[in-house]
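Below is one structure, written out as C-alpha cells; the observations come after it.
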Amino acid sequence: MNNTATASKSAAAIDRALAEGRTALVGYLPAGYPDVQTTIDAAVALAENGTDVIEIGIPYSDPVMDGSVIQAATVQALKDGFRVSQVFDIVAGITARCDAAVLVMTYWNPVMRMGVDEFSRRLAEAGGAGLITPDLIPDEAAEWFEASDKYGLDRVFLVAPSSSPARMAMTVKASRGFVYAVSIMGVTGARENVSSAAERVVQAAHEAGAERVCVGLGVSNAEHVREIGAYAEGAIVGTALVAELGHSGVEALGKLAARLSEGTARA
Amino acid sequence: MTQSPDTPAESGKPQEAADAFLAGSSLRHAPGPYFGAFGGRWMPESLIAALDELEDTFEKAKADPEFIAQVAELNKNYSGRPSLLTEAKRFSQHAGGARIFLKREDLNHTGSHKINNVLGQALLAQRMGKTRIIAETGAGQHGVASATAAALLGMECVVYMGAEDTRRQALNVARMELLGATVVPVTAGSQTLKDAINEALRDWVANVHNTHYLLGTAAGAHPFPALVRYFHEVIGEEARAQILDQTGRLPDAVCACIGGGSNAIGIFHGFLDDRNVALYGFEAGGDGVDTGRHAATITLGRPGVLHGARSYLMQDEDGQTIESHSISAGLDYPGVGPEHSYLADIGRATYEPVTDTEAMDAFRLLCRTEGIIPAIESSHALAGALRVGKRLTEGKDNPQDVIIVVNLSGRGDKDVATAAEWFGLLPQESPEAGIGSEGEQL
C-alpha cells in the first residue's frame with residue numbers, strides 16, 4: 001500500500017486497535033436510516049462499544065452489491081427523502097462526538113453527479129476519512145486519485161476471490177487506508193459461516209503488499225470476528241448491524257457492537 | 001497531438017474523433033472499452049474476472065472460422081436470416097412521398113432482432129464452459145429469446161423480470177416457462193427493467209463460476225456494448241446490400257428505435273462510414289418530454305454511470321436514477337448504450353423523442369397500409385421515419401428520390417392487447433378489457 005506516510009485516518013484507527021491487541025472492528029450503517037440524527041447516534045453508539053472504523057453508506061437507487069436487508073434500509077431512507085449532501089452532516093456529526101475514523105461507502109454515480117472534487121472537498125471538511133467504492137475499480141478512478149490526494153482522503157478499493165494476481169497487485173497499490181477483502185462471491189448479507197475463500201483473498205492481498213486488510217460480507221457475530229482476526233487486520237460488519245438497528249434501535253445496536261468487539265481480542 | 005488514423009473511437013475526446021472521422025477514418029472500428037468519453041467498466045471487482053474471460057473468449061471466437069460458421073448457420077437455418085427488406089409503398093405516401101423500406105427483423109424466429117444476440121452469446125457461454133444463463137427482461141422479448149437459445153443449446157436459463165412486468169406480461173412469462181426457463185419476479189426497487197438488471201447482476205456475482213449473464217442490449221460494462229453490437233451488425237450489413245440491390249444506391253436516412261439501443265447500433269453500423277447516410281435514433285418520448293414521464297435518455301439525460309457503463313442517464317440532482325416511462329416496455333429504460341452517447345456527441349447520429357401517441361399512430365398506420373403489425377418499440381422508428389420523410393422531401397419536386405430505411409425491429413403480436421385498449425377496440429364487458437393497463441389474467 002502506498003502513501004503510508006500520508007496521514008490516513010482509517011489506517012491510524014486500525015493501527016491503534018492492533019497496538020491494543022485487537023482486531024479492528026469496522027461497522028456499516030446506511031445514511032438516513034431511519035433518519036439523519038439516528039444515524040449519527042447509532043454510529044456514536046458503535047464507536048463507544050469498540051468499533052474502530054465507521055462506514056456510512058449513501059442510499060442509492062441501484063445498489064447491485066447489496067442484499068435484501070441493506071436494500072430495504074436504503075430504499076426506506078430514499079423514500080423518506082434522504083439527500084446525498086446530508087451525508088456530510090452525518091460525518092461531521094459523528095466525528096464531532098467520537099474519534100472513530102469515518103469512511104463513506106458509495107456507489108459511484110452520486111459522487112460523479114456532485115463532481116468528484118466537490119464531493120471530496122466536502123467530505124474532507126466534514127472530517128471524513130475517505131471513501132469505500134464498491135463499483136469503482138482503480139482502472140476508472142483517475143479523477144478520484146487526483147481528488148483523494150488533493151484532500152488527503154483514503155481510497156478503499158475492493159478485492160475479491162476472483163481477483164487475478166495482476167489485479168490484486170494493482171488494486172492494493174491503488175488503495176490507501178486499508179484494502180476491503182470481499183469474503184465471498186456474492187452480495188452483502190449475514191451468513192452462517194465466513195467463507196474459506198476469505199483467508200485466501202487476505203493472504204493474496206498481504207502478498208501483494210497490503211499492510212491492512214479488512215474482511216467484509218457475511219460477517220455477523222463475534223465468532224466470525226475472532227476467526228477473521230487470525231489472518232486479517234480488521235472485520236467489517238454491515239447487515240447484522242442494520243437489522244439490529246431496524247428492529248431494536250440504537251441502544252440494542254450498541255450492545256450488539258459490544259458483543260462483536262468481544263471477538264476482537266487477538267491471540 | 002497526433003492520432004492514429006484508424007482508431008478514432010478510442011480517442012478520449014469527441015472532437016478529435018469527429019475530426020478523424022471527417023478526415024476519412026472508420027467509425028466501425030470501435031472495440032471498446034471506451035467510445036469517446038463513454039463506456040468503460042464501472043463494476044464491482046468481483047465481476048471483473050468474468051468480464052475479462054468474456055472479452056477474451058469473444059476476441060478469440062471472432063477470429064475463429066468455426067465460430068463464425070456456427071453463428072452463420074444458426075442465423076440462416078434457425079432464425080431465418082437474411083431478413084427481408086420490404087418497400088412500404090402505401091405507408092410511404094404519409095412520409096411526404098419519400099420511399100420507405102422496412103428491414104424485417106420482425107420476421108426472425110421469436111419475432112425480433114433479439115435472437116441475433118442471444119444465439120451468439122449462448123454459444124460464447126458454451127465456449128466458456130458455462131452451463132447456466134441468466135437474463136433480464138422488460139416486456140419479455142429478450143427473456144423469451146434467451147429461453148429459446150437455452151432450450152436450443154441445452155442450457156439452464158433463469159430470467160429476472162420486474163414483478164410489475166410479470167403481471168403485465170403474464171403470457172410472456174408463460175412462454176418462457178414453456179421453453180423451460182425459470183422466471184424470477186423482482187420485487188426490489190421500482191420492480192421494472194432496471195431492477196431486473198440489478199437482480200441479475202447480484203445473481204451473476206454469486207454464480208459466476210457456472211453462469212453467463214446474457215445481457216440483452218448494447219449497454220453495460222465492457223465488453224457487452226461491443227459484443228452485443230457485433231451480433232447485431234448483420235442487420236446493417238444485410239440492409240446495406242439489400243437497399244443497393246433494390247434501388248441501386250444508399251439511403252438518405254436510416255431510422256431505428258432506441259431503448260438500450262441494440263437494434264439501432266446493429267443497423268447503424270452497416271452505414272456508419274457512409275457519411276451521406278443520416279442516422280436517426282428515436283427514443284421513447286412517453287407522455288411528452290416536458291411531462292417528466294418519458295425515456296428520452298440522450299435528449300434529456302446527462303452523463304453518469306449505471307449498470308457498468310458511463311453514458312447518458314436519466315438521473316436526479318443526487319445522481320439517483322429516475323424512473324422512465326413509455327407505452328413500450330422494450331424502450332422503458334433510463335439508460336442507453338455508450339456508443340450511442342458517443343455517436344450523439346460527435347454528431348454522427350441524431351436522437352429525437354417520439355411520444356406514445358405518435359408511436360401508436362404509426363403503429364396503426366403500418367397495420368392498415370402494409371398489413372404488418374409492428375412492435376410498439378419499432379413503431380417509434382416508424383413515426384420517426386414519417387417525420388424525417390416529410391422533412392427531407394419538403395420543397396422537393398421528386399420526393400420519391402428520398403430513400404429511408406427503417407429497422408422494423410420486432411413484430412407486434414405481443415402488443416395486441418395494449419393496442420386494442422389504446423384504440424378502444426375492446427367492448428367494456430369483454431374478458432380482455434383492461435388487459436393493456438391491468439395485465440393479463442391467466
Side-chain angles (χ1 to χ4, degrees), chain A residues 58-68 71-72 74-75 78 81-87 106-115 119 133-142 157-164 166-168 170-171 179-189 201 217, chain B residues 12 33-34 39-53 186-191 193-211 213 220-222 302-311 313-323 334-335:
Chain A
I58 296 182
Y60 175 54
S61 52
D62 297 274
V64 297
M65 275 296 282
D66 285 311
S68 56
Q71 277 183 52
T74 54
V75 163
L78 288 173
F82 176 82
R83 298 297 306 267
V84 168
S85 61
Q86 289 176 298
V87 80
T106 182
Y107 293 91
W108 198 243
N109 200 52
V111 180
M112 198 179 253
R113 183 66 179 84
M114 183 176 288
F119 189 102
T133 51
D135 65 350
L136 179 72
I137 54 175
D139 317 52
E140 304 286 3
F157 291 108
L158 279 60
V159 293
S162 58
S163 299
S164 66
R167 291 200 60 79
M168 181 67 79
M170 188 263 290
T171 307
V179 174
Y180 190 127
V182 172
S183 69
I184 192 171
M185 295 298 287
V187 297
T188 59
V201 181
L217 264 57
Chain B
Y34 302 103
R41 276 186 177 170
W42 309 81
M43 270 278 153
E45 170 65 21
S46 298
L47 288 172
I48 301 298
L51 293 168
D52 280 341
E53 181 191 19
V186 175
T187 53
S190 55
Q191 311 194 3
L193 178 58
K194 82 176 178 68
D195 303 285
I197 295 176
N198 293 340
E199 206 56 34
L201 285 168
R202 292 183 188 112
D203 178 316
W204 201 28
V205 174
N207 298 296
V208 69
H209 60 283
N210 71 350
T211 298
Y213 180 13
H222 179 68
R302 50 178 291 157
V305 291
L306 177 69
H307 297 142
R310 183 170 190 275
S311 195
L313 174 63
M314 288 173 55
Q315 55 178 319
D316 70 11
E317 288 175 10
D318 275 3
Q320 310 285 358
T321 309
I322 294 175
E323 290 299 309

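Small disclaimer: the values here were computed from a predicted structure and weren't measured. Protein chains get the first letters and strands the later ones, always in sequence-line order, with residue 1 at the start of each.
- Contact tally against chain A (heavy-atom pairs below 4.5 Å) for B/Ala200, B/Ala206, B/Pro33: the top residue is B/Ala206.
- Here the side chains of B/Tyr213 and B/Ile197 are in contact, with some heavy-atom distance below 4.5 Å.
- Residues A/Ile137 and A/Phe157 come closest through the heavy atom pair C-CE2, 4.0 Å.
- No part of B/Asp203 comes within reach of chain A, as not one of its non-hydrogen atoms sits under 4.5 angstrom from that chain.
- Proximity to chain B (any heavy atom under 4.5 Å) is restricted, for A/Asp139, to the backbone atoms N, CA, C and O.
- The contact between A/Gln71 and chain B is made entirely by side chain atoms (from C-beta outward), counting heavy-atom distances below 4.5 Å.
- Neither the backbone nor the side chain of A/Phe119 comes within contact range of chain B; no heavy atom of the residue lies under 4.5 Å from a heavy atom of that chain.
- Residues B/Asp195 and B/Gln191 form no side-chain contact, since every pair of their non-hydrogen atoms from C-beta on lies 4.5 Å or further apart.
- In this structure, the portions of A/Pro63 lying under 4.5 Å from any heavy atom of chain B include both its backbone and its side chain.
- If you tally non-hydrogen atom pairs under 4.5 Å between each of A/Pro134, A/Pro138, A/Gly67, A/Ala141 and chain B, the highest count goes to A/Pro134.
- Neither the backbone nor the side chain of A/Val111 comes within less than 4.5 Å of any heavy atom of chain B.
- Taking the charged nitrogens against the carboxylate oxygens, B/Glu317 and A/Arg113 have no contact shorter than 4.0 Å, which rules out a salt bridge.
- Counting heavy-atom pairs under 4.5 Å between each of B/Lys194, B/His307, B/Arg310 and chain A puts B/Lys194 at the top.
- Among all heavy-atom pairs drawn from B/Glu45 and A/Ser163, the shortest one is OE2-OG, 2.8 Å.
- Side-chain polar atoms of A/Asp135 and A/Tyr60 form no donor-acceptor pair below 3.5 angstrom.
- Look at A/Arg83 and B/Asp318 and you find a salt bridge, because one of the NZ, NE, NH1 or NH2 atoms lies within 4.0 Å of a carboxylate O, short of that distance.
- In terms of heavy-atom pairs under 4.5 Å with chain B, the best-connected choice from A/Ala160, A/Ser61, A/Pro59, A/Pro161 is A/Ser61.
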Report the C-alpha distance between A/Thr74 and A/Leu78 in whole Å, list the side-chain angles of each, state the deciding distance to 0.1 Å, and finish with yes or no for side chain to side chain contact (heavy atoms under 4.5 Å, CB included). CA-CA 6 Å; A/Thr74 54; A/Leu78 288 173; 5.6 Å; no
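- Heavy-atom distances place both the backbone and the side chain of B/Val305 under 4.5 Å from chain A.
- For chain B, no part of A/Met114 is nearby; none of its heavy atoms comes within less than 4.5 Å.
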